[in-house]
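The structure appears right after this line, and notes come after that.
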Amino acid sequence: MPDDVTAEPSKSSTTRRYARILVKLSGEALMGEGDYGIDPEVLRRIASEIVEVQARGTQVAVVIGGGNIFRGAGLARAGMDRVTADHMGMLATVMNALAMQDALEGLGTYARVMSALRINEVCEDYIRRRAIRHLEKGRVVIFGAGTGNPFFTTDTAASLRAIEIGADVLLKATKVNGIYDSDPVRNPAARRYKSLTFDQVLTDRLMVMDATSIVMCRDNNMPLRVFNLHNSGDLLRIVDGEDVGTVVSNG
Ligand code: UDP
């Protein structure tokens, strides 16, 4: 049974401050109230939260989606070849990654975009050991172009990169306070889970991330925490060890 949605986040005695996190932001998170593109104010607010986390000594990697610009599936529905459409979607994530890099640097934090597709004139290639080195040096690493393969999503890229770089947790930013037993936007009686197993997410089809990304986390024991990006300060609270949102693990 899910825990009551009104339950206050409590300080967990078992969670510790994370040393290295990977934050997954959807492209839509950057849109704000708009229906396309990037809202500079929203971008700056998210960047400043990342800077705060990083300033407290936690290494931060970011995966950004591209849904605010292009989604391959949508373009394919409109008649475009799916692989070309996915290439456009991946390039859209690189644009968002560059915008985030710019916002972070504007706040005085070093950041590096690393792309899964080679675009050397605009950013670095993704090389795992180099990514880890950047993190160790206190740079925020932003992974662009998803996995570099069509038919995948940036959620799967987030699971993959979190596992590859040995993140302590994958933090998935959403518009609601965690995972619910039904859509909280449509159903006011929806109740939030405080914790779940990956198998429960898959069996109950709680589609917080696509099944591929959930399976990757499950099989590689990568804990996932789903939180509300619109609750200013929640990211910091999570890194400080507070039990915010919904945690998904192998139980
Ligand atoms: N994409 C892809 N391979 C990947 C990651 C992303 O082809 O490994 C493409 C796909 O077309 C997708 C688009 O990039 O629709 C944007 O990513 P996503 O939909 O995951 O972004 P989000 O929903 O998080 O904004």
Side-chain angles (χ1 to χ4, degrees), residues 21-39 42-43 46-47 50 61-101 103 113-119 122-128 131 141-165 170-176 179 183 185 201 206-217 220 222 224-230 235 245:
I21 60 171
L22 188 141
V23 183
K24 164 69 207 305
L25 304 170
S26 68
E28 280 180 6
L30 309 182
M31 269 184 345
E33 296 302 307
D35 51 15
Y36 186 81
I38 297 170
D39 177 333
V42 172
L43 180 68
I46 299 171
I50 291 171
V62 181
V63 168
I64 306 193
N68 55 326
I69 304 172
F70 288 127
R71 272 211 183 86
L75 294 174
R77 271 196 301 277
M80 187 178 273
D81 168 68
R82 176 64 194 260
V83 174
T84 305
D86 279 343
H87 286 155
M88 290 175 67
M90 284 188 267
L91 291 174
T93 73
V94 176
M95 289 194 223
N96 285 334
L98 291 171
M100 179 56 77
Q101 177 179 251
V113 175
M114 303 191 101
S115 170
L117 297 173
R118 279 187 298 279
I119 324 174
V122 294
C123 59
E124 296 183 15
D125 296 341
Y126 170 67
I127 298 170
R128 176 176 165 267
V141 176
I142 308 156
F143 296 119
T147 65
N149 301 291
F151 302 104
F152 285 87
T153 65
T154 50
D155 281 348
T156 302
S159 302
L160 175 65
R161 296 292 184 244
I163 295 160
E164 282 187 277
I165 65 168
L170 166 52
L171 301 176
K172 158 90 176 173
T174 65
K175 289 184 264 188
V176 291
I179 304 177
D183 184 351
V185 178
V201 171
L206 300 170
M207 279 308 161
V208 57
M209 301 212 300
D210 59 84
T212 312
S213 56
I214 294 291
V215 168
M216 284 206 61
C217 286
N220 294 280
M222 171 57 60
L224 164 70
R225 192 175 279 274
V226 180
F227 74 104
N228 191 343
L229 187 67
H230 300 305
L235 184 59

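Given the structure is predicted, the values throughout are model-derived calculations rather than measurements. Order of appearance sets the numbers: ligands from 1, and atoms from 1 within every ligand. Only this structure's heavy atoms are used, side chains among them; waters, hydrogens and symmetry mates stay out.
In terms of protein heavy atoms, atom 18 (P) of ligand 1 is closest to Thr154 OG1, 3.4 Å. Here the protein heavy atom with the shortest distance to atom 11 (O) of ligand 1 is Asp86 OD1, 2.5 Å. Of the protein's heavy atoms, Gly89 C, 3.1 Å lies nearest to atom 14 (O) of ligand 1. Ranking the protein heavy atoms by distance from atom 23 (O) of ligand 1 puts Arg71 NH2, 2.8 Å first.
For the pair Leu117 and Gly148, the tightest heavy-atom approach, listed with the atom from each and the gap, is CD2-O, 3.7 Å. Residues Ala116 and Arg161 come closest through the heavy atom pair CB-NH2, 3.6 Å.
Residue Gly27 places at least one N or O, backbone or side chain, under 3.5 Å from an N or O of ligand 1. Distances between N or O atoms of Gly72 and those of ligand 1 include at least one value under 3.5 Å. Residue contacts with ligand 1: Gly67 is placed with a nitrogen or oxygen under 3.5 Å of a nitrogen or oxygen of the ligand (distance criterion only). Looking at ligand 1, you won't find any N or O of Asp155 less than 3.5 Å from one of its N or O atoms.
Contact annotation: the side chain of Lys172 never approaches that of Ser213 to less than 4.5 Å [non-hydrogen atoms, C-beta and beyond]. Between Ile46 and Leu235 the shortest side-chain heavy-atom distance does not fall below 4.5 Å. With a 4.5 Å cut-off on side-chain heavy atoms, Ile38 and Asn96 count as touching. Between Met95 and Leu98 the shortest side-chain heavy-atom distance does not fall below 4.5 Å.
Contact annotation: for Asn149 versus ligand 1, heavy atoms closer than 4.0 Å belong to the backbone alone. Both the backbone and the side chain of Ser26 come within 4.0 Å of ligand 1, judged by heavy-atom distances. With a 4.0 Å cut-off on non-hydrogen atoms, Lys24 touches ligand 1 through its side chain and not its backbone.
Formation of a donor-acceptor pair under 3.5 Å by the Arg128 side chain with backbone atoms of Glu164 is found in this model. Side-chain atoms of Asp86 never come within 3.5 Å of backbone atoms of Phe152 as a donor-acceptor pair (strictly under, hydrogens ignored).
Residue-ligand proximity, Gly66 to ligand 1, at heavy-atom distances under 4.0 Å covers atoms 16 (C), 17 (O), 21 (O), 22 (P), 25 (O). Atoms of ligand 1 lying under 4.0 Å from at least one heavy atom of Gly65, given by number and element, are 21 (O), 22 (P), 24 (O), 25 (O). Taking every heavy atom of Pro150 and a limit of under 4.0 angstrom, the matching atoms of ligand 1 come to 7 (O). Here is the list of ligand 1 atoms found below 4.0 Å of a heavy atom in Thr147: 4 (C), 8 (O).
Qualifying side-chain contact (heavy atoms from CB on, under 4.5 Å) partners for Ile163, counting only residues two or more places apart in sequence or in other chains: Met216, Asn220, Met222. Legend: residues meeting side-chain contact (heavy atoms from CB on, under 4.5 Å) with Val176, ordered by chain and number and at least two apart, are Thr174, Tyr180, Pro184, Val185.
For Ala92, the heavy-atom gap to ligand 1 stays at 4.0 angstrom or more. Residue His87 places no heavy atom under 4.0 Å from ligand 1.
With Thr153, Leu117, Thr93, Leu25 as candidates, the residue nearest to atom 5 (C) of ligand 1 on a non-hydrogen basis is Thr153.
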